[in-house]
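Below: the structure, in C-alpha cells.
Quick note on labels: first sequence line is chain A, next is B, and so on, each numbered from 1.
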Protein chains: 2
Amino acid sequence: MTERHSRPLLYMEVVEFIRSKIESGEWSYGEKIPSENELSDLFDVSRATLREGVAYLVTRGILRRQRGVGTFVGKKEEISGGLETLISITQWIEKHGYQAGTSGTVLLRRPLSAAEREIFKHWNLSTIGEIRRVRTANEKPVMYCVDMIPDKFMPNNVTDLGNSLFQYLEDQWGQRVTVARSTIEVTVATGEMAESLAVARGAPLLRLRQIHYNQDMEALLLSQDHFVSERFRFDIIRRRS
Amino acid sequence: MTERHSRPLLYMEVVEFIRSKIESGEWSYGEKIPSENELSDLFDVSRATLREGVAYLVTRGILRRQRGVGTFVGKKEEISGGLETLISITQWIEKHGYQAGTSGTVLLRRPLSAAEREIFKHWNLSTIGEIRRVRTANEKPVMYCVDMIPDKFMPNNVTDLGNSLFQYLEDQWGQRVTVARSTIEVTVATGEMAESLAVARGAPLLRLRQIHYNQDMEALLLSQDHFVSERFRFDIIRRRS
DNA sequence: CCATCATCTGATGTCTGACATCCTATAAGC
DNA sequence: GCTTATAGGATGTCAGACATCAGATGATGG
C-alpha cells in the first residue's frame, strides 16, 4: 500500500541544499547564485541533475533563471508560504511567530455519513474517528478544528496524538500527507464554537473544508478548520499556468 | 523595462504539447503516457529537453513520474484549477460554466494613498486609475470588483476595456500578469455593494485583496474583489513543498 | 569627447550517447 | 503452488559538447 522509499532522488538533495542556503541567508533574496557549472562541481553532481533541481525550484517561484545571465533567488515576497503550500496547523502558527498549543481535545468514534463513505472508500470503514480541538497561538484561541480519520489510525488518547496530527500520522503509521483539496467558505460561529473561540455568536468565520491525501493519493484525513479571520492572514500566491 | 522576448524556450513547447494531449482527452487521467525516448522522438527534441518539460508538469501535479515504471497523467481531481492558479475573472466565471458579463462600470482617476505609492513605486505615479465593476454570471451579479492600475494604462472609456482587464493590458500595453499575491478576508456588504450584488446589507462577503505583478515582477494591478460565497466555490489545491 | 558598433566572455539552453538503478513480468527451480 | 533468478523497459544520472543569448569591453568614426 505504502510506496516503497528507495533512495531519495539526487536532485531532491540539491533542492534541499539550495533551500538551506537561502533560508540560512547565505544567498539572499534577489541575488545571483553561482553558475550551474560551479554548483554542479560544488554538489558533485552532473549539470543535468543540478538543472533538474533548479527547475524544481524555478517552477515554484523560489529561483528565477535568465538565459545568458544567471540564476537568481526570487524576491522574498514572491516566495510563497501562502495557503497554496500545505503545512500543518502547528507549523502554520509557528510561522506566524506564535507558540502553537492545543486545548479542549475531544476524541470520539461514530458511523460514517454517505459522503464520508465515498471519500474514504479505499479503507473499507465501518466507523470513523473524529478529533475536535481548539488550536491556540500564544495561549489565545485562533482556530476550531474538526478532523476525521479512518478508525484504524485513531489515537487511543490525547497524549498519543501530541500537537501535530500530521506528525502523528507520519511517525505512527507511515502515512504522509502530501496534498490537499481545500474549499474556503464563510460561515458563522455557533454556540460551542463561539464559546471556544471567544467570539460573539453569529460572528463570521472563515472555514476551510479539506480533504488530505497520502502519498498514494488515497483520502487520509478530512478536516474542517474554522478561523477568526481578524486574527490570521490568509495569503495565497497565485501563478499563471 | 519590459523583458525582451527572445524565442520561447523549447521545453515550453513540449509543455504545451503535452497539455493539449491531456486536454483533448488523447491521454486520459491516470493513464501511462509514452516513454521519454518515444516522446523525444515524437517531438523531435532531445531527451534532456523533454525531461525538463515533463519536470515542469510534474512539479505542478499534472504528471507523475515513477522510476522504472513510467510517466502518468495525474488524476483529474488533483490537477488544480483552484485558486492557486491565476486566471482572469472572465475565465473563472466561464470555467464554472456560466457566461461572463460586466455591468455598472465606473472609471475614475484619483491621487494615490501612501500604501499605493509604495506598491507602485516603479512607475513614478502622481495619479492612479480606478475601475469599479460588477461581474455577472449568466446575467446574475456575483462579484464586485475594484481595480487600480497606473494612470498610463487606464483605458479612455468602457469600450476600450472590454470584458477582461488581463486581456486589455496584454493586448494594448504588452503587460502580462504572471503572478499575484492575494489575501483572503471576511467582510460585510456596505450600502452600494449590497445593492449591486443584491444581498442584504451586512451580509458576509469574501474579499480577495490582490497585488498582480507583470513579467518583470513589477506591481501592475491592485484589486479588491468581493464575492458572495454561496454563489461561488473557492477551492485551493495545497501541496507539501 | 561621445556615440555606435563589433567582439569577447560567461551564463543558460539544447543535444548526443551512454550507463545506473529501479520496477515489473516472465521463466526457472524447488 | 510458491519462491527465486532473470530479462526487459522505464526513469535517473552522468559526461562532454555546441548553440544561443545578454552584458561588458574595447575599437571605431563622428
Once you round to the nearest 0.5 Å, how far does [atom1] of [X] lie from [atom2] of [Y]?
X	Y	atom1	atom2	value
B/Thr90	B/Lys95	OG1	NZ	13.5 Å
A/Leu50	A/Ile18	CG	CD1	6.0 Å
A/Arg65	A/Thr71	CZ	OG1	6.5 Å

Between atom [atom1] in [X] and atom [atom2] in [N], what is the gap in whole Å?
X	N	atom1	atom2	answer
A/Lys32	D/dA22	NZ	P	14 Å
B/Asn37	D/dT11	CG	C1'	10 Å
B/Arg64	D/dG12	CZ	C1'	17 Å

- Note on the structure: By ring-ring contact (aromatic ring centres under 6.0 Å, His included), B/Phe166 pairs with (sequence neighbours left out) B/His212
- Message: My understanding is that only residues two or more places apart in sequence, or in another chain, count here; which of them pass ring-ring contact (aromatic ring centres under 6.0 Å, His included) with B/Phe153?
- Response: B/Trp123, B/Trp173
- Message: Using a 4.0 Å heavy-atom cut-off to protein, can you give one letter per nucleotide of nucleotides 13-20 of chain C, 5' to 3': B if the base is in contact, S if only the sugar-phosphate is, - if neither?
- Response: BBBB-B--
- Item | B/Arg60 versus B/Arg239, closest heavy-atom pair with distance |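 That would be O-NH2, 3.5 Å.
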- Query: With respect to the phosphate group of D/dT11, does any side-chain polar atom (N or O) of B/Thr71 fall under 4.0 Å of OP1 or OP2?
  - Reply: yes
